[in-house]
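What follows is a set of notes on a single structure, which appears directly below.
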Protein chains: 2
Amino acid sequence: MANYSADLDGVFTALADPTRRAVVRRLGHGPTSVGDLAEAFPMTLPSFMKHVRTLEANGLIRTVKTGRVRTCVLNRERLDLVDDWLAGERRVWSERTDRLERFVTGRTERTDRKDDRP
Amino acid sequence: MANYSADLDGVFTALADPTRRAVVRRLGHGPTSVGDLAEAFPMTLPSFMKHVRTLEANGLIRTVKTGRVRTCVLNRERLDLVDDWLAGERRVWSERTDRLERFVTGRTERTDRKDDRP
DNA sequence: TCGATACTTAGCCTCATGGCAAACTATTCG
DNA sequence: CGAATAGTTTGCCATGAGGCTAAGTATCGA
């Protein structure tokens, strides 16, 4: 995980387009050729290919060319980056809640616990 | 939830910038004024304000001006959109796994189960 | 081998994004 | 009141994203 922030830039950018999200969705069902994917979208092939390349450049899919057909496969693990980021934000929130709770209850405790309410 | 896809466009776009993600992170600790936020970033105020407006326009933060100070507050719920989207993708994957499994086991079952292995 | 198929490459266009400086407005403080 | 503070508005610029057409390459199938 060389450059976490730049990776997030790329993943979020890739997901910020409805065409690309639709491709991700479609590939969730299984590998598909560029041509088959493209049929579902109202744009020319070269335009569509840019989206494919963007997804690939940002690690969300992998593609292989066999003969004249390029097949796309979803790289599910890449979406963990989004999950991890969300988890990180929520951790921040819970730390804040912890501090607030310590203040309210007047207790001082270690901060590495997960949850101390029964 | 009027336009789910357009909302996702906006949320992902807003999160695709490191400055804006840093603001989200910072606001996770609690409300902060624009000025205090801006200090952490190597850009002019007007430039920074654009990021604030982008975050606000896409519902990730809310801001209120009191006197000459504008205070920003994180809108945590908005991140649920990302969570929901991820969950949707994973549901697609699991449906595919279900079909594959039915094929392998030769069984035909209802598809609304969570998990039928003991 | 020749035509159809499945991308690719190249070049061009338009609009959106992110950044800047300069000037302006509205509050607050001494 | 008058100066400092905290944003805001305006206008400009460079880059990149997303779309197109036209032409090129590499298989595949008869």
Side-chain angles (χ1 to χ4, degrees), chain A residues 3 5-27 30-74 78, chain B residues 3 5-27 30-74 78:
Chain A
N3 194 341
S5 183
D7 282 1
L8 277 175
D9 284 8
V11 169
F12 279 129
T13 300
L15 296 177
D17 181 282
T19 298
R20 290 191 295 259
R21 281 198 307 278
V23 169
V24 166
R25 171 67 61 108
R26 193 92 161 33
L27 292 179
T32 314
S33 72
V34 167
D36 284 355
L37 285 172
E39 281 183 0
F41 303 96
M43 67 181 72
T44 61
L45 235 224
S47 302
F48 181 74
M49 274 299 297
K50 279 198 189 176
H51 290 298
V52 171
R53 293 299 184 191
T54 298
L55 287 167
E56 187 171 27
N58 291 298
L60 285 164
I61 69 174
R62 264 163 296 114
T63 78
V64 262
K65 191 156 185 179
T66 313
R68 59 189 165 173
V69 172
R70 180 173 296 277
T71 301
C72 307
V73 188
L74 183 61
R78 194 63 170 168
Chain B
N3 194 341
S5 183
D7 282 2
L8 277 175
D9 284 9
V11 169
F12 279 128
T13 301
L15 296 177
D17 181 283
T19 298
R20 290 191 294 259
R21 282 199 307 279
V23 169
V24 167
R25 171 65 60 109
R26 192 92 160 32
L27 292 179
T32 313
S33 72
V34 167
D36 284 356
L37 285 172
E39 281 184 0
F41 302 96
M43 66 182 71
T44 61
L45 236 223
S47 301
F48 181 74
M49 274 299 297
K50 278 197 190 176
H51 290 298
V52 171
R53 294 297 184 191
T54 299
L55 287 167
E56 187 172 26
N58 291 299
L60 286 164
I61 70 173
R62 267 164 294 115
T63 77
V64 263
K65 192 159 183 178
T66 312
R68 60 188 167 175
V69 172
R70 181 173 295 277
T71 301
C72 307
V73 188
L74 182 62
R78 194 65 169 168

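Nothing here was measured: the structure is a model prediction, and the numbers come from that model.
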Interatomic distance, N58(B) CG vs dA16(C) P [rounded to whole Å]: 15 Å
L45(A) and V34(A): CA distance, side-chain angles, deciding distance, side-chain contact (heavy atoms from CB on, under 4.5 Å) verdict: CA-CA 9 Å; L45(A) 235 224; V34(A) 167; 4.2 Å; yes
dC20(C) OP1/OP2 closer than 4.0 Å to side-chain N/O of S47(B): yes
N or O in side chain of K50(B) less than 4.0 angstrom from dT8(D) OP1/OP2: no
Integer-rounded Å distance: dG19(D) C1' and R53(A) CZ: 18 Å
Spatial distance of atom NZ (K65(B)) from atom OG (S33(B)) [nearest 0.5 Å]: 11.5 Å
Touch class at under 4.0 angstrom, heavy-atom based, for S33(B) against every strand present: sugar-phosphate
Whole-Å distance separating the CG atom of L45(B) from the P atom of dT25(C): 18 Å
Nucleotide dT25(C), atom P - distance to CZ of R70(B) in whole Å: 18 Å
R78(B) and D7(B) ion-paired at < 4.0 Å: yes
Length of the CG-P vector between D36(A) and dC7(C), whole Å: 8 Å
N/O (side chain, K65(B)) to phosphate O (OP1/OP2, dT27(C)) under 4.0 Å: no
Nucleotide nearest R68(B) when distance is taken to its side chain, options dT28(C), dC7(C), dT8(D): dT28(C)
Nucleotide dC20(D), atom P - distance to CE of M49(A) in whole Å: 15 Å
Contact under 4.0 Å: T44(B) side-chain N or O vs dC20(C) OP1/OP2: yes
Separation of dT17(C) P from F48(B) CZ (nearest whole Å): 18 Å
Side-chain N or O of H51(A) closer than 4.0 Å to phosphate OP1/OP2 of dG19(D): yes
Salt bridge flag under 4.0 Å for residues D36(A) and R26(A): no
Donor-acceptor under 3.5 Å (T32(A) side chain, G30(A) main chain): yes
Atom pair distance, as rounded to whole Å: CG in D17(A) and C1' in dT17(C): 15 Å
